Structure formats: structure tokens, C-alpha cells
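Reviewing the structure listed below.
Quick note: residue numbers are just sequence positions, from 1. Owing to the predicted nature of the structure, the values given are computational and were not obtained by experimental measurement.
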Amino acid sequence: MEKINNQNAKQWSRLGPRAMFGQFMLEVAEKFDNLMVLSADLGRSSGLDRFKKQYPKKYLSVGISEQNLIGVAAGLAKEGYKVFVTSFAPFLSMRASEQIRMNLGYMQLPVNLVALGSGVSMGYLGNSHFGLEDIAIMRTIPGLKISCPADPGEMRKILFDYLIKKHGPSYIRLTGVPGSPYVYNQDYNYVLGENVTLKKGKDLLILASGSVVAQCLIAGKMLEQIGINAEIINAHTIKPFDEKISKKLKEFKNIFTVEEHSIIGGLYSIISEKIVSNSIQTNLFPISLPDKFGPTGKYNYLLEFHGLNGEKIKEKIIFHLKK
């Protein structure tokens with residue numbers, strides 16, 4: 001697989017996660033005869049236009065029927081196919097949650113669910129298409145792995161890892177839009193379930209997942225300018241969560257979780273559970289989507305509205321530290 005460098009990181013960022021998903025499938029289709037990619041009438045939205053034309057026998061659209069989509073995917077996986085399924089995040093995590101629970105979680109069939117438009121990246125399509133609660137729902141299914149790549153380069157690593165290894169069923173949460181800032185401009189060693197420390201620091205800890213990781217790096221640079229040195233960790237695997245995190249949490253007096261997900265059931269909840277179960281004395285502050293529906297609009301506007309761009313993250317951290 002092509003390694004990450006400064007040139008392709010910029011190119012992949014311009015394409016965005018959905019187009020990169022389609023391009024990745026084009027790259028691997030020739031090498032894996034048993035690859036199958038399924039969609040619920042969202043081939044174009046999934047970046048799969050070229051793929052379905054070039055490899056029609058490896059692509060299947062079941063129509064707008066997400067529950068049936070999971071059943072068909074499970075059957076193909078049971079017959080030995082490497083199956084990737086795409087749809088918008090709320091349609092997979094909510095409309096088909098029972099089928100995911102029974103056909104994938106209970107049966108432990110290795111179907112990889114690629115959730116498009118998680119968080120608020122669907123912009124003007126609004127709350128019906130926003131993936132606000134998907135981690136909270138998917139976390140409750142035993143045996144289901146959950147990944148949330150920070151940028152398209154990391155997404156490629158995660159997809160390839162699920163393609164070649166037997167991790168069981170997975171939910172891959174895609175956030176961000178074409179042109180979102182990227183995190184990685186050089187290659188690194190990706191391991192499922194192992195967080196990546198992007199920046200060392202001693203004053204506070206920032207844990208983030210998804211495309212807002214890049215915004216945290218921007219905030220980190222702003223904080224440095226006023227003498228605050230933040231450690232920043234990319235939590236690309238939501239489940240299973242890195243077991244070494246408990247030791248890291250004990251090192252900091254102030255910890256911030258940043259995520260493009262509801263304050264309920266996501267990264268903030270995971271870290272809260274770790275702190276309580278290990279009796280860790282620390283202060284934990286969430287920067288996330290609120291427990292309510294919000295406005296529609298351009299993606300960058302929505303990030304700013306919810307306090308999830310670099311400037312707003314910096315402001316929220318300073319506010320909590322002063323408080």
C-alpha cells in the first residue's frame with residue numbers, strides 16, 4: 001500500500017474521506033478476488049462510481065433498505081468474501097442496529113461498516129443525516145470494533161488493516177469533508193487499539209478522534225504561543241480502547257476530550273469510565289456536540305458553532321483552566 005508522504009497527504013485531503021474510500025477500493029480490487037462492496041443506493045455518495053463500473057461483479061446495491069443490506073453482507077461474509085458496506089452514519093447505526101447486533105456482533109461475521117458523514121459533515125442535509133449518536137449505539141454491541149480515522153491517509157491504513165487481518169466485524173466512522181486539514185504528512189506504524197501521541201506536553205492532555213484531531217493540533221500551536229504546552233493524542237480506535245490510557249491519565253491534572261459526537265456515549269464517556277474505574281484524581285472536560293439537535297449549514301460553520309475548530313477549542317481550554 002502507498003505510504004503517506006507530504007504530497008499524497010495534500011492530495012488525499014483535497015479529495016476527502018468519501019472519495020478516498022472509493023479510490024482505495026479501486027486500488028485493492030485487483031488484488032483481492034473475494035472483495036465485495038455493498039451500498040444502500042449510495043454508490044455515488046460513497047465515492048464508488050468508478051469502482052462499480054470497473055468491477056461490477058464486486059459491487060452490489062440493495063436499494064434503500066439498510067436492514068436488508070446487513071443481512072446480505074453477513075451472508076457474503078459467511079461464504080468467505082471480504083465485505084465492506086457503506087451508508088450514512090445514522091442509517092447504519094440506528095436503522096440497521098438490530099441486524100448489526102445479531103448478524104455481525106452475535107455471529108461475529110467480519111463485515112466492515114463504513115459510516116459516511118459522521119458528526120456534522122453532511123452540512124445542509126441536516127440532522128436526519130448527521131451522525132451524532134453512532135458511537136454510543138455501536139459501542140454497546142459486543143465484539144464490534146470501532147475506528148475513527150483522523151484523516152484520509154489514516155483511513156487507508158485502517159481499511160487495509162481490516163482487509164488483511166481477521167478483526168471481526170467493524171464500524172469505521174468517517175468525519176470531515178474535502179479540504180479538511182490533514183494530520184499525517186509522513187508514514188507511521190498504525191496498530192488497531194493503540195493510540196498515537198502526536199505532540200508531547202506537560203501542562204494538559206488532549207484526547208481526540210476523527211477529523212477534529214487536526215483542529216486540536218491547530219489549537220495546540222495557539223496554546224503554545226501563550227505558554228501552555230498540551231500533549232495531544234489521536235484515539236483512532238474507539239473500541240477496543242487502548243489499555244495503556246489509564247497510566248497516561250494519571251500523569252495530568254487537566255484532561256480534555258474533543259470529538260465530533262454527542263457528549264453522551266462517545267470519547268468523553270469512555271475516558272470518564274476509565275477515570276472512575278481506576279480511581280484517578282484528575283479534572284476532565286468535554287469539548288463535543290451537545291445533547292440536542294443543532295443547525296444546518298456549511299461544515300466549517302458547524303464546527304465553529306459547536307466550538308470544534310482550532311480557535312474555539314483553544315478558547316474553551318483556556319476558559320476551563322481559568323475556571
Side-chain angles (χ1 to χ4, degrees), residues 1-5 8-25 27-28 37 46-47 84-89 92-93 112-122 131 134-135 138-139 144-165 167 169-198 206-218 232-242 257-261 266-267 270 299 303 308:
M1 189 178 69
E2 187 177 357
K3 292 186 176 181
I4 300 172
N5 58 48
N8 59 29
K10 290 179 180 178
Q11 178 188 349
W12 296 340
S13 174
R14 285 194 296 268
L15 288 172
R18 284 194 271 167
M20 275 307 304
F21 169 70
Q23 184 170 313
F24 175 83
M25 289 301 157
E27 291 176 22
V28 300
V37 183
S46 307
F84 287 81
V85 168
T86 68
S87 189
F88 293 132
L92 279 178
S93 64
N112 303 291
L113 307 169
V114 181
L116 310 173
S118 291
V120 294
S121 60
M122 294 311 296
D134 51 335
I135 293 175
M138 294 292 99
R139 274 185 69 210
L144 185 74
K145 310 294 188 299
I146 304 175
S147 297
C148 194
D151 63 16
E154 184 165 70
M155 180 194 74
R156 288 168 57 87
K157 284 184 173 288
I158 289 171
L159 291 172
F160 190 72
D161 192 60
Y162 282 121
L163 183 63
I164 64 172
K165 295 180 183 176
H167 290 311
S170 71
Y171 183 85
I172 304 161
R173 187 176 196 258
L174 303 187
T175 57
V177 297
S180 292
Y182 55 88
V183 171
Y184 297 101
N185 61 3
Q186 58 185 8
D187 212 56
Y188 70 101
N189 184 37
Y190 163 83
V191 180
L192 178 77
E194 290 188 12
N195 293 335
V196 179
T197 300
L198 299 172
I206 300 173
L207 286 153
S209 67
S211 56
V212 292
V213 171
Q215 300 295 337
C216 290
L217 291 172
I218 294 169
I232 301 173
I233 290 178
N234 171 24
H236 54 65
T237 306
I238 299 298
K239 185 181 181 181
F241 206 84
D242 194 334
T257 57
V258 184
E259 58 186 323
E260 201 177 325
H261 184 274
L267 186 59
I270 292 168
Y299 182 60
L303 287 185
L308 287 169

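Two residues are said to be in side-chain contact when any heavy atoms from C-beta on lie closer than 4.5 Å; Phe88 and Asp134 fail this criterion.
Residues Ala89 and Gly131 approach most closely at CB-CA, 4.0 Å, considering heavy atoms. Ile135 approaches Gly266 most closely through the heavy-atom pair CG2-CA, 4.0 Å. The two residues Ser13 and Tyr182 make their nearest non-hydrogen contact at CB-CD2, 3.7 Å. The shortest non-hydrogen separation linking Ala115 to Leu92 is CA-CD1, 4.0 Å. Across every non-hydrogen atom of Cys216 and Ile206, the tightest pair is SG-CG2, 3.8 Å.
Checked against side-chain contact (heavy atoms from CB on, under 4.5 Å), Asp187 has the following partners two or more places apart in sequence or in another chain: Lys3, Ile4, Lys157. For Thr175, the side-chain contact (heavy atoms from CB on, under 4.5 Å) partners two or more places apart in sequence, or in a different chain, are Ser118, Arg173, Ser211, Glu260. For the side-chain hydrogen bond (donor to acceptor under 3.5 Å, both in side chains) test, no residue two or more places apart in sequence or in another chain qualifies with Glu194. Asn112 pairs by the side-chain hydrogen bond (donor to acceptor under 3.5 Å, both in side chains) definition with Ser170, not counting sequence neighbours.
Asn8 contributes no side-chain N or O that, together with a main-chain N or O of Gln11, makes up a donor-acceptor pair within less than 3.5 Å. In this structure, the side chain of Asp242 engages the main chain of Asn195 through a donor-acceptor pair within 3.5 Å.
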Which pairs of donor and acceptor atoms, one on a side chain in residues 144-156, lie under 3.5 Å apart (sequence neighbours left out)?
residue: Lys145; atom: NZ; partner: His167; partner atom: O; Å: 2.9
residue: Ser147; atom: OG; partner: Tyr162; partner atom: OH; Å: 2.8
residue: Asp151; atom: OD1; partner: Gly153; partner atom: N; Å: 3.2
residue: Asp151; atom: OD1; partner: Glu154; partner atom: N; Å: 2.9
residue: Asp151; atom: OD2; partner: Val183; partner atom: N; Å: 2.8
residue: Asp151; atom: OD2; partner: Tyr184; partner atom: N; Å: 2.9
residue: Glu154; atom: OE1; partner: Ala150; partner atom: N; Å: 2.7
residue: Glu154; atom: OE1; partner: Asn234; partner atom: ND2; Å: 3.1
residue: Glu154; atom: OE2; partner: Tyr184; partner atom: OH; Å: 3.4
residue: Glu154; atom: OE2; partner: Tyr188; partner atom: OH; Å: 2.6
residue: Glu154; atom: OE2; partner: Asn234; partner atom: ND2; Å: 3.0
residue: Arg156; atom: NH1; partner: Glu27; partner atom: OE1; Å: 3.3
residue: Arg156; atom: NH1; partner: Glu27; partner atom: OE2; Å: 3.0
residue: Arg156; atom: NH2; partner: Glu27; partner atom: OE1; Å: 3.0

Exercise answer: donor-acceptor pairs, residues 15-24 side-chain atoms, under 3.5 Å, sequence neighbours excluded:
residue: Arg18; atom: NH1; partner: Ser45; partner atom: O; Å: 3.2

- Task: Please test Phe241 against Leu267 for side chain to side chain contact (heavy atoms under 4.5 Å, CB included), starting from the C-alpha separation and ending with a verdict.
- Result: CA-CA 10 Å; Phe241 206 84; Leu267 186 59; 3.6 Å; yes

- Message: Please determine whether side chain to side chain contact (heavy atoms under 4.5 Å, CB included) holds for the pair Leu159 and Val114, giving the CA-CA distance in whole Å, both sets of side-chain angles, and the decisive distance to 0.1 Å.
- Response: CA-CA 9 Å; Leu159 291 172; Val114 181; 4.2 Å; yes

- Mind running side chain to side chain contact (heavy atoms under 4.5 Å, CB included) on Ile270 and Ile238 for me, showing each step along the way? CA-CA 8 Å; Ile270 292 168; Ile238 299 298; 3.5 Å; yes

- Query: How far apart are the C-alpha atoms of Val196 and His236, what are their side-chain angles, what is the distance that settles it, and do they pass the side chain to side chain contact (heavy atoms under 4.5 Å, CB included) test?
  - Reply: CA-CA 8 Å; Val196 179; His236 54 65; 3.8 Å; yes

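For residues 176-186, no residue pair satisfies the salt bridge (charged side-chain N to carboxylate O under 4.0 Å, His left out) rule, not counting sequence neighbours.
Atom CD1 in Ile172 sits 8.0 Å away from atom CG in Leu113 (nearest 0.5 Å). Distance CD1/Ile232 to CG/Leu217: 4.5 Å, rounded to 0.5 Å.
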